[in-house]
There are 2 protein chains.
Amino acid sequence: MEKQTITIYDVAREANVSMATVSRVVNGNPNVKPATRKKVLEVIDRLDYRPNAVARGLASKKTTTVGVIIPDVSNMFFASLARGIDDVATMYKYNIILANSDGNDQKEVSVLNTLLAKQVDGIIFMGHRITDEIRGEFSRSKTPVVLAGSIDPDQQVGSVNIDYEAATKDAISLLARHGNEKISFISGALIDPINGKERLEGYKKALSEYNLTYNEGLIFESNYSFKEGTQLVDRLLNSGATAAFVTDDELALGILDGLLDHGVKVPEEFELITSNNSLLTEVSRPKITSLTQPLYDIGAVAMRLLTKLMNKEETEEKTVILPYGLEEKGSTRKQ
Amino acid sequence: MEKQTITIYDVAREANVSMATVSRVVNGNPNVKPATRKKVLEVIDRLDYRPNAVARGLASKKTTTVGVIIPDVSNMFFASLARGIDDVATMYKYNIILANSDGNDQKEVSVLNTLLAKQVDGIIFMGHRITDEIRGEFSRSKTPVVLAGSIDPDQQVGSVNIDYEAATKDAISLLARHGNEKISFISGALIDPINGKERLEGYKKALSEYNLTYNEGLIFESNYSFKEGTQLVDRLLNSGATAAFVTDDELALGILDGLLDHGVKVPEEFELITSNNSLLTEVSRPKITSLTQPLYDIGAVAMRLLTKLMNKEETEEKTVILPYGLEEKGSTRKQ
DNA sequence: TTGAAAGCGCTAACAT
DNA sequence: ATGTTAGCGCTTTCAA
């Protein structure tokens with residue numbers, strides 16, 4: 001015996017109405033006599049009828065599914081965003097197709113195409129950088145797109161972020177106020193606008209505000225991993241830096257670990273600020289002072305924005321800037 | 001101007017062939033003359049035609065999409081599984097619809113139903129416990145299901161796990177060999193079979209093997225959070241325990257933190273073993289000895305198993321047990 | 001308030 | 001090797 005599916009047609013027959021009426025009942029169309037509705041509902045229940053969302057999608061051209069392109073779910077930063085996205089999606093009756101891209105330009109494009117082929121109603125994109133190619137795909141697709149936690153220099157699509165420049169400036173300013181004259185800037189790839197433009201700009205502004213000179217030797221580009229952090233410490237200390245701002249918690253943790261191994265006292269001899277305030281910053285000794293980003297909210301707001309775009313609602317702003325904070329913990333001195 | 005979609009029909013017309021031929025080309029059917037194929041491919045390229053996966057799904061009754069029910073993506077443990085799942089899914093040309101359930105019985109059922117409504121070809125389920133209700137839904141759905149990292153007492157569906165009982169027994173045995181006579185067992189809800197059955201059983205077996213008496217006062221049920229861990233420490237120390245096995249890293253970290261705050265020396269005065277060997281166990285001081293579970297692989301193998309089930313391939317085994325390990329680090333003594 | 005009927009874009013026999 | 005023709009299960013005018 002095969003999987004004999006029950007269709008809207010079966011329900012219609014059993015309830016002695018037309019399939020149009022069943023459709024109306026299923027979709028909550030008010031133009032149905034209560035008695036009829038009741039009858040149909042009973043049959044639906046009895047037959048255990050479940051509407052086929054694929055057929056529905058084909059007929060209505062809406063899938064109530066959105067595509068989510070993410071570099072790596074197993075990275076806490078993105079996982080937090082994803083959770084916010086899914087919660088709001090669920091709230092608005094959408095499901096998410098989650099696709100990992102590893103931040104790989106080519107994968108991003110191919111995955112975007114399969115999502116579009118699946119007729120998703122919208123796309124949430126997280127990535128380190130927006131290549132021209134992917135931007136091109138976005139613009140010729142007619143499907144609404146929102147960036148979550150990703151910077152797009154020219155704002156063609158929606159996006160939700162914090163003000164990375166201002167946040168970085170704040171962090172650096174704190175370090176400068178504490179008397180540090182050589183403050184290191186340690187980030188991921190500088191070609192990513194979020195690092196090379198936003199954050200670095202904030203760094204420079206803070207420096208000039210405190211009359212400190214910009215020195216390339218204090219800028220480090222690294223991968224986001226614990227190990228890279230520990231390995232970076234030699235060079236960091238050689239640079240003469242007495243403080244560092246790091247754009248990733250795991251990396252910062254590695255640096256802290258390396259510093260301690262070198263017998264450098266944190267925060268007495270070296271101050272450290274990281275960026276994501278994840279659990280990692282809480283469990284290290286000392287705990288690491290960090291910028292705070294509302295990760296969950298960035299995801300949630302991005303999804304909310306996307307629902308508006310999908311409904312062609314009027315939206316005040318396609319670019320949302322959420323507030324950030326700076327939580328002082330054990331890796332910076334109290335003053 | 002509206003989103004005027006290009007259909008297989010447009011391509012057929014432009015290429016002077018029937019839509020069937022276009023379909024064959026698109027699906028790589030060998031029964032097409034090379035010249036024809038080339039012509040069709042050119043038109044597809046020129047028109048920028050992209051097959052509509054929804055229509056395809058309706059006609060073929062396959063969506064190349066699988067549903068993934070996960071308690072919480074922002075939990076590292078599950079996120080790692082999810083990454084393994086997605087990678088293998090991608091490898092086999094599937095996409096995943098990711099749905100968070102919070103381990104909530106009711107949400108799990110409702111989410112399962114919407115996934116089935118969307119005609120997913122298969123389901124990967126992660127959860128703390130398999131309720132009778134969800135098991136019922138599984139069995140009457142005809143859609144293949146595989147559990148990843150979840151225990152199902154009666155094995156109706158596929159599943160991929162490690163041998164939690166043996167793993168726990170190993171961990172406890174190590175603690176016993178080190179001379180600990182009062183070894184605490186700290187887990188999540190004991191009604192979850194993975195804790196109350198598998199792991200606790202392993203705990204008991206190890207005890208009896210070392211002639212230690214089972215004492216309920218050493219068993220603690222807790223939530224998986226850092227805070228709960230720190231708060232548990234008073235009771236833990238009052239129990240007289242000199243060692244503990246913990247089923248979650250974050251919880252273990254909280255316990256370690258609490259112990260250190262109480263001036264208890266780890267591992268000299270108290271030994272600790274945790275279960276997931278996540279990054280958290282590496283960044284604490286001391287690093288925490290842990291069981292090692294191949295999280296990514298559990299996800300990957302679960303997805304691989306699901307592909308077999310979806311293809312109705314003969315599968316040797318519906319229940320896969322993956323190897324585990326025990327990595328001794330700083331929270332247990334060297335002997 | 002309800003029904004009839006025409007698609008939605010594609011696959012999959014069945015012909016040729 | 002290619003074309004013809006039914007559907008897949010539902011939404012959505014348009015009539016009644």
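Numbered from 1 within each chain, the chains take letters A, B, ... in sequence-line order.
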K.L.:
So, A:Asn27 versus A:Ser23: side-chain donor-acceptor pair below 3.5 Å or not?
P.N.:
yes
K.L.:
Can you tell whether the side chains of A:Arg46 and A:Glu42 come within less than 4.0 Å, N to carboxylate O?
P.N.:
no
K.L.:
If we ignore angles and hydrogens, is there a donor and acceptor under 3.5 Å between the side chains of A:Asn75 and A:Tyr224?
P.N.:
no
K.L.:
Would you confirm whether the ring centroid of B:Phe138 sits within less than 6.0 angstrom of the ring centroid of B:Phe125?
P.N.:
yes
K.L.:
Between B:Thr65 and B:Lys118, do the side chains contain a donor N or O and an acceptor N or O under 3.5 Å apart?
P.N.:
no
K.L.:
Is A:Ile191 close to A:Arg129 at the side-chain level, that is, under 4.5 Å between some pair of heavy atoms?
P.N.:
yes
K.L.:
Decide yes or no for A:Lys318 and A:Ser159: does some side-chain heavy atom of the first lie under 4.5 Å from some side-chain heavy atom of the second?
P.N.:
no
K.L.:
Are B:Asp48 and A:Arg140 within salt-bridge range, i.e. N to O under 4.0 Å?
P.N.:
yes
K.L.:
Under 4.5 Å between any side-chain heavy atoms of B:Val146 and B:Val157, yes or no?
P.N.:
no
K.L.:
Any sub-3.5 Å donor-acceptor pair from A:Asp121's side-chain atoms to A:Thr63's backbone N or O?
P.N.:
yes
K.L.:
Under the rule for salt bridge (Lys or Arg N to Asp or Glu O under 4.0 Å), what residues qualify as partners of B:Arg135, not counting sequence neighbours?
P.N.:
B:Asp132, B:Asp152, B:Asp154
K.L.:
Side chains of B:Tyr92 and B:Met303, heavy atoms from C-beta outward: is any pair under 4.5 Å?
P.N.:
no
K.L.:
Quantify the bending of the helix from C:dT1-D:dA16 to C:dT16-D:dA1 as the angle between its end axes, each fitted on five pairs, to 10°.
P.N.:
30°
K.L.:
What residues in residues 32-42 of chain A put a non-hydrogen atom under 4.0 Å from any atom of DNA chain C?
P.N.:
A:Val32, A:Lys33, A:Thr36
K.L.:
Which of residues 13-31 of chain A sit near DNA chain D, with a heavy atom under 4.0 Å from it?
P.N.:
A:Met19, A:Ala20, A:Ser23, A:Asn27
K.L.:
State, without any angle test, whether B:Asn113 and A:Arg50 hold a side-chain donor-acceptor pair at a distance under 3.5 Å.
P.N.:
yes
K.L.:
Which of residues 44-64 of chain A have a heavy atom under 4.0 Å from DNA chain D?
P.N.:
A:Tyr49, A:Pro51, A:Asn52, A:Ala55, A:Arg56, A:Ala59, A:Ser60
K.L.:
Salt-bridge test for A:Arg83 and B:Asp102: reply yes if a basic N is under 4.0 Å from a carboxylate O, no otherwise.
P.N.:
yes
K.L.:
For a 4.0 angstrom threshold against heavy atoms of chain A, report the outermost contacting nucleotides of DNA chain D in 5' to 3' order.
P.N.:
D:dG9 to D:dT12
K.L.:
Determine whether A:Gln156 and A:Val145 satisfy the following criterion, side-chain contact (heavy atoms from CB on, under 4.5 Å), listing intermediate values before the conclusion.
P.N.:
CA-CA 9 Å; A:Gln156 292 311 295; A:Val145 176; over 6 Å; no
